[in-house]
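Below is one structure, written out as structure tokens; the observations come after it.
Side-chain atoms are counted along with the backbone in the values below, which use heavy atoms only and exclude waters and symmetry mates. For ligands, and for the atoms within them, numbers begin at 1 and follow the listed sequence. Counting from 1, the numbers follow the sequence of the chain as shown.
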Amino acid sequence: MGERVFAVLGVFAGPDALLDAASKLEGRGVGKLEAYTPYPVHGLGEALALRRSPLAGMVMVMGTLGTAAAFLFQWWMNAYDYPIVVGGKPLASWQAFVPIMFEVTVLFSAFTAWLGAVFLLCRLPGLWHPMLSSSSMPKLTRDRFALSIESQGRDFDAEATREALRDAGALETEVVRFPPAPKPASLTLLLGLAGAGALACVVAGLATYWTIKVFPTLPPMSRMLQQPRLGAQRSSSVFAGSAGFAPVAEGTVARGRLPYPFKTPEEAAVLGNPLPRTKAVLAEGKRRFDTVCRVCHGPLADGKGTLTKAYGASPADLRTRRYQAFPDGSVYHAIMSGKNAMPSFAKALTEDERWSIIHYLRALQRAADAKDSDLP
Ligand code: HEC
């Protein structure tokens with residue numbers, strides 16, 4: 001009987017006796033009170049003067065931290081470290097940050113609630129509690145109610161505590177001791193666990209292989225593979241010359257697209273802007289310029305876009321005399337073919353969009369070098 005005393009346990013007949021004893025003993029300085037009952041008993045928390053759980057506060061703090069972290073992270077990336085205009089929106093567009101801020105708040109809160117409850121409050125890696133060695137435990141999960149007074153310190157008088165519990169109405173009392181330290185896990189157990197893990201990996205690998213490689217070759221899945229179809233570059237009787245597919249007829253142009261034969265800005269100079277210079281066309285040109293060209297050439301086409309520094313190239317200042325005299329067709333050619341670091345926008349923009357950008361570019365050039373006669 002050398003082990004230290006963990007607590008003295010008093011067993012009571014019913015919840016009322018337990019509540020009564022708890023309120024009698026609480027605050028008398030006998031030691032830390034704890035109750036063990038087969039089901040939750042109303043009013044017990046108050047009788048034992050339990051503190052509120054700190055979990056809500058922990059979740060609140062970590063959740064707020066998550067919101068702030070998500071905001072700062074997105075602001076740093078989008079507005080500071082790698083600023084790129086998307087769809088003409090401002091760089092620090094907080095509305096677009098909200099979904100991720102929400103997600104990260106939930107993530108931080110959920111993990112705090114889970115880890116906090118399991119590891120901090122329930123002390124998880126330990127699967128054991130001294131009270132589990134009490135001989136009254138089986139009764140306490142059935143029809144008995146117990147109050148324990150934990151020793152906590154060294155000068156604990158087990159006999160006096162037993163007396164106090166008996167006075168408070170306990171039917172029987174028990175001194176619960178710390179059981180001897182449990183044996184460390186044996187080598188066989190560790191080897192067994194490692195073996196089981198390895199086996200699980202092998203089984204999962206084989207199952208994955210079977211699902212991906214074998215399962216699709218079994219009926220009815222296999223019927224997808226066996227249906228008649230024409231493989232690429234195979235012969236067939238459908239087209240003349242037994243070719244599997246007919247080549248495109250010479251001179252074919254996709255609907256809505258004009259052939260673009262020019263190779264240099266000088267050649268393309270023969271093209272004229274087919275769009276009228278109306279308010280609607282200029283507005284469309286501005287919209288397109290701001291979404292596509294502005295990031296490099298800048299809002300005023302002076303070559304001072306936000307991407308310039310990070311991108312390492314210097315986009316042309318399109319307001320200079322040289323580009324004021326640059327024919328419309330040559331600007332069109334730059335948009336179609338790109339030039340050095342400037343990519344082609346043949347796919348990203350329709351023909352009308354390209355020409356409306358050119359109208360708007362002319363307006364920017366005129367505004368940069370405005371004369372009195374330009375005023376309305
Ligand atoms: C990715 C950045 C980038 C974007 C976007 C961009 N440009 Fe450029 N642009 C450049 C660079 C860099 C040059 C200079 C190329 C050189 O001379 O090496 C240039 C040059 C030009 C030139 C002069 C071409 C010449 O032959 O001298 C024109 C005109 C032009 N850009 C128009 C536009 C228009 C219009 C748009 C929008 C449709 C646009 N650019 C979008 C980077 C860009």
### Query
Among all protein non-hydrogen atoms, which one is nearest to atom 1 (C) of ligand 1, and what is the separation to 0.1 Å?
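Minimum-distance protein heavy atom for atom 1 (C) of ligand 1 reads Cys296 SG, 2.7 Å.
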
#### Entry: Protein residue, atom and distance nearest to atom 10 (C) of ligand 1, heavy-atom basis
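Heavy-atom neighbour on the protein nearest atom 10 (C) of ligand 1: Met342 CB, 3.3 Å.
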
Which of the numbered atoms in ligand 1 are under 4.0 angstrom from any heavy atom belonging to [X]?
{"X": "Asn340", "result": "16 (C), 18 (O)"}
{"X": "Val292", "result": "5 (C), 38 (C)"}
{"X": "Ile335", "result": "35 (C)"}

### Message
Tell me whether atom 8 (Fe) of ligand 1 has His297 as a neighbour, meaning an N, O or S atom of it below 2.8 Å.
### Response
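Checking atom 8 (Fe) of ligand 1 against His297, an N, O or S atom does fall under 2.8 Å.
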
Heavy-atom distance to [atom]: which of [options] wins?
{"atom": "atom 27 (O) of ligand 1", "options": "Tyr360, Phe289, Tyr323", "answer": "Tyr323"}
{"atom": "atom 12 (C) of ligand 1", "options": "Pro315, Pro343, Ala334", "answer": "Pro315"}
{"atom": "atom 13 (C) of ligand 1", "options": "Cys293, Ala316, Ala341", "answer": "Ala316"}
{"atom": "atom 29 (C) of ligand 1", "options": "Leu318, Val295, Leu349, Asp290", "answer": "Leu318"}
{"atom": "atom 17 (O) of ligand 1", "options": "Glu266, Arg322, Lys339", "answer": "Lys339"}

### Message
Could you check, using the six-membered ring where one of them is a Trp, whether Phe145 and Tyr39 have ring centers closer than 6.0 angstrom?
### Response
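For Phe145 and Tyr39, the ring centres are under 6.0 Å apart.
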
### Query
Is the Phe6 to Phe178 ring centre distance short of 6.0 Å?
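That pair passes the under 6.0 Å test.
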
### Query
For the residue pair Phe71 and Phe97, does the interplanar ring angle fall in the parallel (under 30°), tilted (30 to 60°) or perpendicular (over 60°) class?
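Taking Phe97 first and then Phe71, their aromatic rings stand perpendicular (interplane angle over 60°).
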
### Query
Going by atom types only, do Ser344 and Ser337 share a side-chain donor-acceptor pair under 3.5 Å?
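Not at all, the side chains of Ser344 and Ser337 share no donor-acceptor pair under 3.5 Å.
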
### Query
Is Arg366 salt-bridged to Asp374, going by a charged N under 4.0 Å from an acidic O?
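A salt bridge is present here (some side-chain N lies under 4.0 Å from a carboxylate O).
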
### Message
If the threshold is 4.0 Å, N to carboxylate O, is there a salt bridge linking Arg166 and Glu163?
### Response
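Yes, charged N to carboxylate O under 4.0 Å.
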
### Query
Can you tell me if Glu34 uses its side chain to pair, donor with acceptor, with the backbone of Leu147 under 3.5 Å?
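Pair absent, no side-chain N/O of Glu34 close to backbone of Leu147.
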
### Query
When you measure from the side chain of Glu353 to the backbone N and O of Leu349, does any donor-acceptor pair fall under 3.5 Å?
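It does not hold such a pair.
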
### Message
Heavy atoms only, cut-off 4.0 Å: how does Leu361 contact ligand 1, side chain, backbone, both, or neither?
### Response
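None of Leu361 does.
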
